[in-house]
Structure formats: C-alpha cells, structure tokens
Amino acid sequence: MEKQELLDSRYLRMAYTWSENSYCTRRQVGALLVKDKMIISDGFNGTPSGFTNICEDENDVTLPYVLHAEANAITKVARSNNSSEGSTLYVTASPCMECAKLIIQAGIKRVVFSELYRIHDGIDLLKKAGVECVHMEINK
C-alpha cells in the first residue's frame, strides 16, 4: 500500500471514530479536514449549537435543520484561523449535493469517502468541478 493510500485509510478510520459523537440514530457520519498532514477541522452530523441533540422526529425522519458532518467541519474551519484551501476532506459517507457545493466553495481539492450514498449527484458535481474523489472501503 502506498504512503498516500495508507494515510487516507488512517484518516478515514479516524472519521469513523469521530462519527460516534453524533446523536443521530438513523446514520452517524463523521468528517475530518486535513491540510499538510494536520487535522484542521472535524465534524459529525447533528443539530446546530444550542439545539437539543435529537436528529429524528417521532417517525424516524431526519429533522430539516440537522447539519451534515461535512457542513459542520467546513463551518468550523471558517470560524478558525485556518483555511481549507487545498485541503482533503475525509468523510464516512459520500457527500450530498448541498455539501458538494460547500466543498467546492471552501477550496477543498480532495474528498475521500467510504460508504457510497444511494444518490450520486454530489460526487458527480465534485468531479465536474475538478475535485478529486476517492472511494475507499475500509475495515472500521
């Protein structure tokens, strides 16, 4: 296994560990933003700051204000002194269309993900924008 592939695998496993912080019951997703081999941000799916940590309604439908892991990682880095320009996003599930738009605008150049979401439009948009997308299945 080449060095980059080994690093990708390690960071992706760390994203899975980070996903355990999510209170969502339907699916827990974790994300790490890495630049120059340093983690500059992290995120997991969940409610906005100050909201109760309940992600689904009584019918097990995700509440509309729940943030995706990628959005949490990107907005967190936006509030710091770091820049996501040229970074790599490691996320346990492939990004949706809304997160793909944020990834492009944040200047993220690579996305490494494990689980392929049933809708591929986010990945299609990232590729169209020249963002390198790496699908890597790993043993958690």
Heavy atoms, side chains only, cut-off 4.5 Å: are I74 and I108 in contact? yes

Does the side chain of I103 come within less than 4.5 Å of L126's, by heavy atoms? yes

On a heavy-atom basis, which atom in T92 and which in Q28 lie closest, and how many Å separate them? OG1-O, 4.1 Å

Measuring only between side-chain heavy atoms, which start at C-beta, is L89 closer than 4.5 Å to L32? no

Of all heavy-atom pairs linking A106 and S84, the shortest is O-OG, 2.7 Å

For the pair N72 (side chain) and F44 (backbone), establish whether a donor and an acceptor sit closer than 3.5 Å, ignoring hydrogens and angles. yes

Does any part of the side chain of Y90, heavy atoms only, come nearer than 4.5 Å to the side chain of R110, both counted from C-beta? yes

Side chain proximity check, V34 to S87, heavy atoms < 4.5 angstrom: no

Go through K109 and V131 one step at a time and tell me if the side-chain contact (heavy atoms from CB on, under 4.5 Å) criterion holds. CA-CA 5 Å; K109 293 299 174 209; V131 176; 5.8 Å; no

Would you find more than 12 non-hydrogen atoms of other residues, nucleotides or ligands less than 6.0 Å from D36 atom CG? no

Quick check on the hydrophobic clustering: are V134 and Y16 connected, directly or via other members, by side-chain heavy-atom contacts under 4.5 Å? yes

Looking only at atom types and distance, does a side-chain atom of S80 sit under 3.5 Å from a main-chain N or O of N82, one as donor and one as acceptor? yes

Treat each ILVMFWY residue as a node, draw an edge where side-chain heavy atoms are under 4.5 Å apart, and state whether L102 and I104 are in one component. yes

Contact between T52 and T47 at the side-chain level, heavy atoms closer than 4.5 Å - yes or no? no

Shortest non-hydrogen contact from Y11 to I39? CE2-CG1, 4.0 Å

Is there a donor-acceptor contact under 3.5 Å linking the side chains of T75 and R79? no

So, T17 side chain and R13 main chain: donor-acceptor pair closer than 3.5 Å or not? yes

When you measure from the side chain of H135 to the backbone N and O of S114, does any donor-acceptor pair fall under 3.5 Å? yes

When L6 is tested against each of K3, R10, Q4 for side-chain contact (heavy atoms from CB on, under 4.5 Å), which residue passes? R10

Heavy-atom donor-acceptor pair, S94 side chain to Y117 backbone, under 3.5 Å: yes

Where is the tightest heavy-atom contact between K101 and E98, given as atom of each residue plus distance? NZ-OE2, 3.0 Å

State yes or no: do I138 and V112 share one hydrophobic cluster built from I, L, V, M, F, W and Y residues joined by side-chain heavy-atom distances below 4.5 Å, directly or via other members? yes

Using atom types as modelled and distance alone, determine if a side-chain donor or acceptor of S41 lies under 3.5 Å from a backbone N or O of L33. no

Heavy-atom pair with the smallest gap, counting every atom of C55 and G46: SG-CA, 4.0 Å

Check for a donor-acceptor pair, side chain of N45 on one end and backbone N or O of V29 on the other, with a separation under 3.5 Å. yes

Could you check whether any side-chain heavy atom of F113 comes within less than 4.5 Å of a side-chain heavy atom of I123, counting everything from C-beta outward? yes

NE2 on H68 to SG on C24, rounded to 0.5 Å: 9.0 Å

With distance as the sole test, does K35 use its side chain to make a donor-acceptor pair with the main-chain N or O of I40 at under 3.5 Å? no

More than 12 non-hydrogen atoms from neighbouring residues, nucleotides or ligands closer than 6.0 Å to CD on Q105, yes or no? no

Are more than 12 heavy atoms, taken from residues, nucleotides or ligands other than N59, located less than 6.0 Å from that residue's CG atom? yes

May I ask you to test the M136-E5 pair for a side-chain heavy-atom distance under 4.5 Å? yes

Please step through salt bridge (charged side-chain N to carboxylate O under 4.0 Å, His left out) for the pair E115 and R27, ending with a clear verdict. CA-CA 11 Å; E115 299 166 24; R27 172 179 252 181; 3.2 Å; yes

Please check if any side-chain donor atom of T25 sits under 3.5 Å from a side-chain acceptor atom of E56, or the reverse. yes

Nearest non-hydrogen partners of E70 and A31, listed with the distance: N-CB, 4.1 Å

CA sep, side-chain torsions, deciding dist, call: V111, E132, side-chain contact (heavy atoms from CB on, under 4.5 Å): CA-CA 6 Å; V111 175; E132 180 186 351; over 6 Å; no

